[in-house]
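The first residue of the sequence shown is numbered 1, and numbering continues consecutively from there.
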Amino acid sequence: MSATPAPPTMYAVASGDRLKMLMERTGTGGAVTTRELAAAAGVSHGTIGGLMSGTQRAIPEHKAKAIAARLGVDLLVLFIPMERAGRALIPAQQVVA
């Protein structure tokens, strides 16, 4: 019997306002649009809008890394790692074994 692969780690945006600010001035000093960021990260522009507005809370690790890379910031400047606890997503820092 083979083991089921673990679901990907999810990351929640720390602040929609921080995401907006970083889009206005990326690590290279330029601005990036919602559509440009979405294309670079391989997500829809609606996903980026949802992260900014708070209607979408979490995304898989590889997408969070792509967004952070395009903005020129460390992953943890923008995102908080999440762990699954039943159906709820809680910040990994708060998980107690």
Side-chain angles (χ1 to χ4, degrees):
M1 182 178 218
S2 65
T4 304
T9 299
M10 299 295 284
Y11 280 77
V13 71
S15 163
D17 289 335
R18 183 177 301 163
L19 175 56
K20 290 176 198 175
M21 179 191 71
L22 290 170
M23 288 175 63
E24 291 169 4
R25 185 172 177 137
T26 66
T28 61
V32 64
T33 68
T34 303
R35 288 187 188 277
E36 290 168 339
L37 182 56
V43 300
S44 73
H45 72 276
T47 296
I48 302 299
L51 292 171
M52 288 191 296
S53 69
T55 59
Q56 180 163 346
R57 222 171 138 228
I59 59 174
E61 181 177 20
H62 69 282
K63 293 179 181 183
K65 284 181 176 180
I67 290 169
R70 174 59 184 94
L71 295 174
V73 299
D74 183 75
L75 178 67
L76 298 179
V77 166
L78 186 57
F79 291 98
I80 301 167
M82 307 296 281
E83 295 290 336
R84 293 202 178 273
R87 298 180 136 205
L89 289 173
I90 56 174
Q93 303 85 303
Q94 296 178 4
V95 174
V96 178

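- In this structure, the separation between CG on L37 and CG on L71 is 5.0 Å, given to the nearest 0.5 Å.
- We find that K20 and E24 are not joined by a salt bridge, their nearest charged nitrogen and carboxylate oxygen being 4.0 Å or further apart.
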Could you go through Q56 and I48, starting from their C-alpha distance and side-chain angles, then the distance that decides it, and tell me whether this counts as side-chain contact (heavy atoms from CB on, under 4.5 Å)?
CA-CA 9 Å; Q56 180 163 346; I48 302 299; over 6 Å; no
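- Between the CZ atom of F79 and the CG atom of L19 there is a distance of 6.5 Å, given to the nearest 0.5 Å.
- No side-chain heavy atom of M10 sits less than 4.5 Å from a side-chain heavy atom of R57.
- Hydrophobic clustering, with ILVMFWY side chains joined whenever heavy atoms are under 4.5 angstrom apart, keeps I80 apart from M21.
- Hydrophobic clustering places I67 together with M23 (ILVMFWY residues linked when any side-chain heavy atoms are closer than 4.5 Å, directly or through intermediates).
- Of all non-hydrogen atoms in H45 and T34, the two that sit nearest each other are O-CG2, 3.4 Å.
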What verdict does the side-chain contact (heavy atoms from CB on, under 4.5 Å) test give for V43 and L51, after you've listed the backbone C-alpha separation in whole Å, the side-chain angles of each residue and the deciding distance to 0.1 Å?
CA-CA 11 Å; V43 300; L51 292 171; over 6 Å; no
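- In terms of heavy-atom proximity, A41 sits nearest to A66 at CA-CB, 3.7 Å.
- At distances below 3.5 Å, not a single donor-acceptor pair connects side-chain atoms of R70 with backbone N or O atoms of K65.
- In this structure, the side chains of L75 and Y11 come closer than 4.5 Å at one or more pairs of heavy atoms.
- In the hydrophobic clustering of this structure, V13 groups with I59; members are Ile, Leu, Val, Met, Phe, Trp, Tyr whose side-chain heavy atoms approach within less than 4.5 Å, directly or through other members.
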